[in-house]
Structures are given as structure tokens and as C-alpha cells.
Amino acid sequence: MTHRKVAELLAAAPTSQTVTVKGWVRTFRSNRFIALNDGSTIHNVQVVVDFEQTPEAVLKRVTTGACLAVTGKLVASVGSGQAVEIQAESVAILGDSDPEKFPLQPKKHSLEFLREKAHLRPRTNTFGAILRVRHALSFAIHQYFNDRGFYNLHTPIITASDAEGAGQMFRVTTLDPVNPPRTEAGAVDYREDFFGRSTNLTVSGQLEGELGALALGLIYTFGPTFRAENSNTPRHLAEFWMIEPEMAFYDIHDNMDLAEDFVKTVIRYALDRCADDLAFLHKRLEEEEKTKPQAERALPLLEKLQFVVDNAFERLTYTEAIDILLKSKPHKEKKFQFPVEWGIDLQSEHERYLVEKHFKKPVILTGYPKDIKAFYMKQNPDGKTVAAMDVLFPGIGEIIGGSQREDDYDKLRTRMAEMHVPEDGLWWYLETRQFGTCPHAGFGLGFERLVQFVTGMGNIRDVIPFPRTPKNAEF
RNA sequence: UCCUCCUUAGCUCAGCCGGUUAGAGCACAUGACUGUUAAUCAUGGGGUCCAAGGUUCAAGUCCUUGAGGGGGAGCCA
């Protein structure tokens, strides 16, 4: 490679060395100043062209969105907006961009408009920043687990198991949808299907993750997950990425310790490595907040992230949380839409009250009633609750859900029967409780929710390159 | 899926109680200017007013239905 990255050039000393840079035009001012960006940083490098020495035919083709290769001297900038700039000696057009048709203008676009231009929106400052932060968080996650002796386990994406009941599933089939083979009773005959049975896209790698933990000790998965729910919210996707660590010999407290340290560590990594991008997102958000009344304004992004990194998460039991809610002002004044009593599944408004009003910091709730939680969670001695934990964050609600797993074979089978979970599809899961079972725990974290929190983006569709939501799979 | 708001130029929006040729800023084109920072100034082109149906002498404006989008809720990560 003979050309240099913009990020590299902006950090270099301007000693009039000749450099080549390649990138896309953001703006072209005064027929003289090109702001060029190559994605290596949020900042552009300024290319100064001598319009008397440069062929007019070339200058005409320097339009917003065009791709250029520029060679010139890296010098100290005369202007005040930047430290260095390139005095162009040659400008080559690698790719034209018809300015009448290129949809991105050098101005602020709405996020809704950019969602319709998902193929081009990475070329904007905002999405460039988001995608770089997304990468940094992804890398930090792998590094976190690798540093602590976890193995990355690749759990299947196509699965026959649907027992967890984590949501509606997408069917995977090679059968002819118009004329599928039928059984004698008239049902679709999945014995004729590719796998010889009915299969779906995974909703969670957890059950397979447990198999890994009971052999390798510490594992984590980081892969795509699919939910065919008709959810239309700024916090849900049909295709999203989930991180699911699973740890042998961990109890629920070890699990909480890990979850808290994990989230703080990856956020700290982003603060360190993505300072420029986060500063941009911080400023962007601040301007947006200015349009809101004072009372509704949230903590500025960088302060919010620093606060999470610096402070211990509040830990309390579900029962204690219900007590707080029962004594709360909105409950007494009947402001909650959903009534509060022991045994309910906490609603968004309840979680938000605890996190944003009462504690004003991330909260970890444990000891949920067994009837509102999954079959595989470890039953507590009280007979009423399970060793579940949810980490609740301001703004986005539940970011992590986890539990210590039920490791007692008989208790697990009894619970499955009570909750009408069929055993036949899960014989392999049950065998782990027959052959060398042990206490173990784990949690799941929605990657996009983490990216949402760190970037401050309000809509989850803006933190993944190509969002999959109901009625939307254009790109 | 439910509640609610929205859909007018390439983008962001205004358009009053239904009334005669539907506007602005930005973008784009042409020209001027040339150390700019979303450059500036002048001029210009650009409209299936989301779709279908209805009410009316007259509909961008009112009504019905549908589509798409935002926000809230449910489900959840």
C-alpha cells in the first residue's frame, strides 16, 4: 500500500513530505478546499488544490461523495480549522458522484431519512462514529473474555430446539412453500426437509453454551440471534447480536460480579479508544437535548458513561424492589399504569422509576419469582424465587439478563413438567445434569443495546449497519 | 399487535376558517469571488401535496379505508 490513512496524516508532523491519500469528498469549498474522509477517523483531511494549475475538467468532478486519490505535500495549515493540510500536486478521480443524484448533502439529515439510505449512511459523520464505536466494543468484548481465560464457543445458528420459549422463531426450510410434502394426516412432513426435521434460527445460544461450560469451564458466545416477534420499538430488532458467557462453578453472586466488571471494562475501553467519535456523538446529542425542556434533559453522554464506569451498581432483590415501588410516590398517587404487587413482572415504568428516579444509577435485581422466569433457573431455598438477575440501565432498561442455572436433575425435570416444557427435544441438556453436574451460571447481553448506551443513540436501528425489523429487509 | 402523531420540491419544513398562479431555507445548475471550515453573493430550474374512494360550486386543507414512518405500550435482549 502506498497511500496513507487520514488518521495517520492528521497525527503526523508537517515536514512537506509527499504523501498519497485516498478517500471520499465530504465538501468542496471555494473551488479550492476539499474535505476528504477515508473512514479511519471522524476527522477529514483538508486538501488544498491550486485551481489555476488543476484542469477544470478534474475540478468539475470533485463533488460531494466522489472518490479521490490525492498526492501532495503534507504541510502546516495556513487556515485555523486544522493543524495540517495537503497541498495537492495531483488529483485523480477514482469514482464520480453525480451531485444531482447523490442523496447525502453537506448538511444535517434526519436519522429516519438516513435509514432509507442504509447503503450510504456509513459515509456520514454520525454513522461513521457509531460503526467505529461498535467495532471497538466488539473487539473489547473478545479481549475481555480472552484475557480472563474464557473460550469463544460457536453455538449453532440453525437449531431444532425451541424449548427455551424466548420468542417466536424464524423457520428454516428447503421445502417447497407452495406444495410441501404432506403426512397422511395432512400436516407438512418435515421428515422430508433438509435436516429431516423442523428447524429454526436460534433465539439464544445459552443451552448449548452450558454444554461448553461443563467441559471448558469458562466460555462465551458472541453471535447473531433471531426473534420473529412483531416488535415495533426503538429497542428491538429481529436480527441482533448477543453475548452469552457461561461459567462453571459460578454462583449468582459471581455472576453479578462478572457482569458488572464486564460492562464497565468494555465501556472504559470505548472511552479510551474512541475519544474523538464519542466526543462527536456527545456534542451531537447535546445539541439535540437543547431542543428539550430543561427537566427532560438527560445527563450528557460522556458524563453518563464516566458515571457508570466509576460507580458501583445498586444490587437488591426483587422483593426489596417491590417494597420500594409500593412506598413510592407514583404508586401512592396511582400514577403507575400497571399495579404493583409481589409476583408481577416489572413493567418498563417500574424499572425506569428504580433506575432513573430512585437510585439514579444502574441496578442489578435478583431473586425473581420463579413463575415469571425461565425453567432452567436455579430455585432458591424459599421455594418461591429463583437465582435470576437483571441488570437495568438508564434509558434502555434491561441490558443484561442472567441466572445461576438449576443443576439438580430432579428439580430441573420437575420444573420443566410444571411449565410444560417437553423433555424430548432437550434430552441432551438434561444429560448434563446426570453426568457430572455442577453449579454454574451465565448471562446474556444484547450487543446493540450496549452500543445504544455507549453511543447515546435513541433508536436501535441506528446502531447496526443493516437493521432487520418487521417489514424491513431492503438492504 | 394496541394507542397516538406524522406523510407537501432532492432534504428539513410552512401553508390560517376549504377559495383563484402551493412557499421558504438548504441542496443542485449558471455566474461572480478566492485561505475556506455547513464559505459568501446574484440568478435559475425543480411539485403524482403518500394512495384509493367520498363530501363540496370548489379539497394540499374535511371524511373513510389502506400503505409507510415517528413516539409510547406489550413481548424481550
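Hydrogens, waters and symmetry mates play no part in the numbers below; they use all other heavy atoms, side chains included. By convention in this document, chain letters (A, B, ...) are assigned in the order of the sequence lines, proteins followed by strands, and residues within each chain are numbered from 1.
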> Quick check for you: among C26(B), A73(B), G70(B), whose closest atom lies nearest to any side-chain atom of Q105(A)?
C26(B)
> How close or far is atom C1' of A73(B) from atom CG of D345(A), stated in whole angstroms?
14 Å
> Across nucleotides 1-9 of chain B, 5' to 3', mark each nucleotide with B, S or - according to how protein heavy atoms within less than 4.0 Å reach it.
B--------
> What's L445(A) touching, base or sugar-phosphate or nothing? Going by heavy atoms closer than 4.0 Å.
nothing
> Do the ring centers of F262(A) and F145(A) come within less than 6.0 Å of each other?
yes
> I need the CD-P distance between E351(A) and A73(B), as an integer number of Å.
11 Å
> Distance between the P atoms of U43(B) and C49(B), in whole angstroms?
29 Å
> Nearest-Å distance, NZ (K117(A)) to C1' (G69(B))?
14 Å
> For residues 123-131 of chain A, which side-chain donor-acceptor pairs fall under 3.5 Å, sequence neighbours excluded?
| residue | atom | partner | partner atom | Å |
| --- | --- | --- | --- | --- |
| R123(A) | NH1 | G65(A) | O | 3.3 |
| T124(A) | OG1 | R121(A) | O | 2.7 |
| T124(A) | OG1 | F127(A) | N | 3.3 |
| N125(A) | OD1 | R26(A) | NH1 | 2.7 |
| T126(A) | OG1 | R284(A) | NE | 3.4 |

> Using the P atom as the reference point in each nucleotide, state the distance between A58(B) and G18(B) in Å, no decimals.
16 Å
> With respect to the phosphate group of G74(B), does any side-chain polar atom (N or O) of Q347(A) fall under 4.0 Å of OP1 or OP2?
yes
> Would you call D261(A) and R268(A) a salt bridge, using N to O less than 4.0 angstrom?
no
> Look at all strands and tell whether R461(A) reaches a base, only sugar-phosphate, or nothing, counting heavy atoms closer than 4.0 Å.
sugar-phosphate
> Using the C1' atom on both, measure C13(B) against A51(B) and round to a whole Å.
22 Å
> For the rings on F359(A) and F313(A), is their centre-to-centre separation under 6.0 Å?
no
> Quick check for you: to the nearest 0.5 Å, what is the distance between I252(A) atom CD1 and M389(A) atom CE?
5.5 Å
> Quick one: E116(A) CD to C50(B) P, roughly how many Å, whole number?
15 Å
> Take atom C1' in G60(B) and the same atom in U7(B), then report the distance between them in whole Å.
12 Å
> In residues 468-475 of chain A, what donor-acceptor pairs under 3.5 Å come from side-chain atoms, sequence neighbours left out?
| residue | atom | partner | partner atom | Å |
| --- | --- | --- | --- | --- |
| R468(A) | NH1 | F475(A) | O | 3.4 |
| R468(A) | NH2 | F475(A) | O | 2.4 |

> State the dot-bracket string of RNA chain B. Criteria: Watson-Crick or G-U wobble, both atom distances under 3.5 angstrom; notation: ( ) intrastrand, [ ] crossing earlier pairs, | interstrand, . unpaired.
(((((((..((((.....[...)))).(((((.......))))).....(((((..]....))))))))))))....
> Reckon R115(A) has a side-chain N or O less than 4.0 Å from the OP1 or OP2 of G68(B)?
no
> Between E333(A) and K335(A) (salt bridge meaning N to carboxylate O under 4.0 Å), is one present in this structure?
yes
> If the P atom of U21(B) is compared with that of C26(B), how far apart are they to the nearest Å?
28 Å
> Could you state the CD-P distance from Q168(A) to C75(B), rounded to the nearest angstrom?
14 Å
> Take the protein atom CD of E288(A) and the nucleotide atom P of G70(B), then report the distance between them rounded to whole Å.
14 Å
> Nearest 0.5 angstrom please: R227(A) CZ to E239(A) CD, how far?
13.0 Å
> Starting from the 5' end of RNA chain B, give me the residue, F240(A) or R352(A), whose nearest nucleotide shows up first.
R352(A)
> Take atom P in G15(B) and the same atom in G23(B), then report the distance between them in whole Å.
15 Å
> Let me know the distance between CD1 of I372(A) and C1' of G74(B), rounded to the nearest Å.
15 Å
> List the residues meeting side chain to side chain donor-acceptor pair (under 3.5 Å) with Y318(A), not counting sequence neighbours, and say none if there are none.
none
> Ignoring hydrogens and angles, does a donor from either the side chain of H236(A) or the base of C76(B) sit under 3.5 Å from an acceptor on the other?
yes
> Please measure how far the P atom in G46(B) lies from the corresponding atom in A24(B), and state the result in whole Å.
13 Å
> Starting at the 5' end of nucleotides 28-40 of chain B, put B wherever the base has a protein heavy atom under 4.0 Å, S where only the sugar-phosphate does, and a dash everywhere else.
SS----BBBB-B-
> What I'd like to find out is whether the side chain of T385(A) reaches to under 4.5 Å of the side chain of T317(A), using heavy atoms alone.
no
> Output the rounded distance in Å from CD (E112(A)) to C1' (C13(B)).
14 Å
> Within 45 degrees of the ring normal and closer than 6.0 Å to the centroid, is that where the cationic atom of K304(A) sits relative to F453(A)?
yes
> When rounded to the nearest Å, what value does the distance between C1' atoms of G71(B) and A32(B) take?
47 Å
> Under a 4.0 Å N-O cut-off, is there an ion pair linking E448(A) with R134(A)?
yes
> Answer yes or no: is there an ion pair linking R415(A) with E418(A), defined by an N-O contact shorter than 4.0 Å?
yes
